[in-house]
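Have a look at the structure below, then the notes.
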Amino acid sequence: MSLLRVALTPAAWLPLGVLYAVSDVAALLLGRVVRYRRRVVRDNLLRAFPDKTDAERRDIERRFYRNFTDNVVETLKLMHISDAQMRRRMEFADTAVIDDLLDSGRSVTVYFAHIFCWEWAPSITLHTRHRPSDKTVYAQIYRPLRSASFDRLMLGLRARFGSRSLPKATALRELLRIRRSGALSVTGFMSDQHPSHGDPGHLTTLLGIPTLMITGTETLARKTGTAAVYWDMERTGRGRYRITTRLMAADAAATAPGELTEMYTRMLEDTIRRDPAQWLWSHKRWKHPVTLPADV
């Protein structure tokens, strides 16, 4: 066990009620004293919701910071939470969509986003008929963190319910290896960031703003011939969430280039508009402005 995990374990043993009290204080400090990325948050909200009043955007901002710190303590709680408690707190609607696709011999690509608390999503394995095994692999694509200690910690937390973490750089190779072994896979992709420098993107609008969306998820889904689904996550109460599985394509290889990315963008937009404070606004979503062609 790493020193970092040893240091954090006592906090993870605390009841969620106590951790949420800590989160309330941390949110106040982060948003009003430290002002963590507050300019970025406010700029993003102004661009996304120009028709809202200042008071409405400040309310979203306030709730965002509390959701942000809740996300931190909820992630920490993964170090010490029972399967039974997680089943009560994470509801998965329409998991039959995934089970039926696996029954038909089709692997599944899951489009997902930075909607709080995304780190609890791997608990899907507690709700599906197909549990993690040599024949059914659950995984998520990730970018290794700069800190080796935090990277090891997060890899351990993300494996809590039996899923694997596949580095982005070798994801296609790993997924092809899994397929060659005769196994099926359910793989989550966080697809709501802007593309990395030099990566291709799909030009569209998100929340009315010209946006270059990541296309890597679509590329891998089409190359590997998986099905594609969207996980629509919503907060039903503090520390309680629901994910609804929405089928996008039974065979991604049969879709046109850009079709899945466009479909995902519209679904993500609906999720954000339903409860804006649940999205991660502290990232520079539109760091590199783009312009739509006149005919779009």
Side-chain angles (χ1 to χ4, degrees), residues 94-95 97-114 118 121-122 124-125 128 130 132-144 155 158-159 162-204 206 211-233 243 245-269 271 288 290 296:
D94 298 328
T95 54
V97 172
I98 291 177
D99 282 323
D100 290 347
L101 289 166
L102 293 172
D103 285 342
S104 70
R106 183 78 66 176
S107 290
V108 182
T109 291
V110 178
Y111 275 85
F112 199 39
H114 287 91
W118 64 83
I124 178 69
T125 58
T128 57
H130 296 262
S133 67
D134 291 340
K135 294 300 181 181
T136 307
V137 175
Y138 288 81
Q140 53 271 332
I141 308 303
Y142 86 106
R143 294 183 182 184
L155 287 176
R158 289 167 179 167
S163 63
R164 306 179 189 177
S165 292
L166 307 180
K168 176 188 173 185
T170 59
L172 177 58
R173 188 188 318 154
E174 286 296 312
L175 291 173
L176 290 175
R177 184 191 61 77
I178 291 170
R179 186 173 69 175
R180 287 194 299 269
S181 74
L184 297 172
S185 60
V186 179
T187 310
F189 293 77
M190 303 292 274
S191 303
D192 57 340
Q193 298 295 95
H194 58 76
S196 300
H197 180 70
D199 286 355
H202 173 73
L203 190 57
T204 184
L206 176 64
T211 305
L212 199 62
M213 296 292 292
I214 289 174
T215 56
T217 305
E218 174 179 319
T219 299
L220 265 67
R222 295 178 75 235
K223 283 186 177 180
T224 55
T226 70
V229 303
Y230 173 65
W231 271 0
D232 185 3
M233 190 165 188
I243 288 180
T245 300
R246 306 192 187 283
L247 180 65
M248 299 170 68
D251 181 4
T255 62
E259 182 179 349
L260 287 175
T261 305
E262 185 65 29
M263 192 183 305
Y264 165 67
T265 305
R266 303 283 72 82
M267 289 179 168
L268 172 61
E269 195 170 60
T271 299
H288 304 293
V290 292
V296 174

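What's counted below: heavy atoms across the whole structure, side chains too, no hydrogens, waters or symmetry copies.
The structure places CG of D232 at 8.5 Å from CE of M267, a figure rounded to the nearest 0.5 Å. A distance of 11.0 Å separates CD1 in I178 from CG in D134, rounded to the nearest 0.5 Å. The CZ atom of R177 sits 10.0 Å away from the OG1 atom of T170 when rounded to the nearest 0.5 Å. Going from atom OG1 of T215 over to atom CG of L220 covers 10.0 Å, rounded to the nearest 0.5 Å. Between atom CD1 of residue I124 and atom NE2 of residue H130 there is a gap of 11.5 Å, rounded to the nearest 0.5 Å.
The shortest distance between side-chain heavy atoms of L212 and H288 does not fall below 4.5 Å. I243 is listed as a side-chain neighbour of F112, based on a closest heavy-atom distance under 4.5 Å. Under the 4.5 Å side-chain criterion, counting only non-hydrogen atoms from C-beta, V290 is not in contact with T211. In this structure, T224 and L172 have side chains that are in contact, with non-hydrogen atoms separated by less than 4.5 Å. Looking at S107 and R179, their side chains never come closer than 4.5 Å, going by heavy atoms from C-beta outward. At least one side-chain heavy atom of L260 sits under 4.5 Å from a side-chain heavy atom of M248. In this structure, the side chains of V110 and V229 come closer than 4.5 Å at one or more pairs of heavy atoms. Using a 4.5 Å heavy-atom cutoff, the side chains of T128 and Y138 are in contact.
The two residues I214 and S191 have their closest heavy-atom pair at CB-O, 4.1 Å. Scanning all heavy atoms of the two residues, the minimum distance from S165 to R158 falls at OG-CB, 3.8 Å. Taking each heavy atom of G105 and L184 in turn, the nearest pair found is O-CD2, 3.4 Å. Listed here is the closest heavy atom pair of A171 and I141: CB-CD1, 3.6 Å. In terms of heavy-atom proximity, S163 sits nearest to A139 at CB-N, 4.3 Å. Taking all atoms of both residues into account, the shortest heavy-atom contact from L102 to S185 is CD2-O, 4.4 Å.
Enclosure of atom CZ in R266 by more than 12 non-hydrogen atoms of other residues, nucleotides or ligands within 6.0 angstrom is indicated.
A donor-acceptor distance shorter than 3.5 angstrom exists from the side chain of S104 to the backbone of L101, with no hydrogens or angles considered. At least one donor-acceptor pair closer than 3.5 Å links the side chain of D192 to the backbone N or O of H114. In terms of modelled atom types and a separation under 3.5 Å, the side chain of T261 and the main chain of G258 share no donor-acceptor contact. Between the side chain of Q140 and the main chain of R164, a donor-acceptor pair closer than 3.5 Å is present.
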Would you please test T245 and W231 for side-chain contact (heavy atoms from CB on, under 4.5 Å) and show each step?
CA-CA 5 Å; T245 300; W231 271 0; 3.2 Å; yes
Run the side-chain contact (heavy atoms from CB on, under 4.5 Å) check on T255 and R222 step by step: do they pass?
CA-CA 8 Å; T255 62; R222 295 178 75 235; 3.8 Å; yes
Candidate pair Y264 and T217, rule side-chain hydrogen bond (donor to acceptor under 3.5 Å, both in side chains), full reasoning:
CA-CA 10 Å; Y264 165 67; T217 305; over 6 Å; no
Walk me through it: do H202 and E218 pass the test side-chain contact (heavy atoms from CB on, under 4.5 Å)?
CA-CA 10 Å; H202 173 73; E218 174 179 319; over 6 Å; no
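Residues T271 and Y230 bring a donor and an acceptor atom of their side chains to less than 3.5 Å of each other. There is no side-chain donor-acceptor pair under 3.5 Å between T265 and T204.
Taking 4.0 Å as the cut-off between side-chain N and carboxylate O, D251 and R106 count as a salt-bridged pair.
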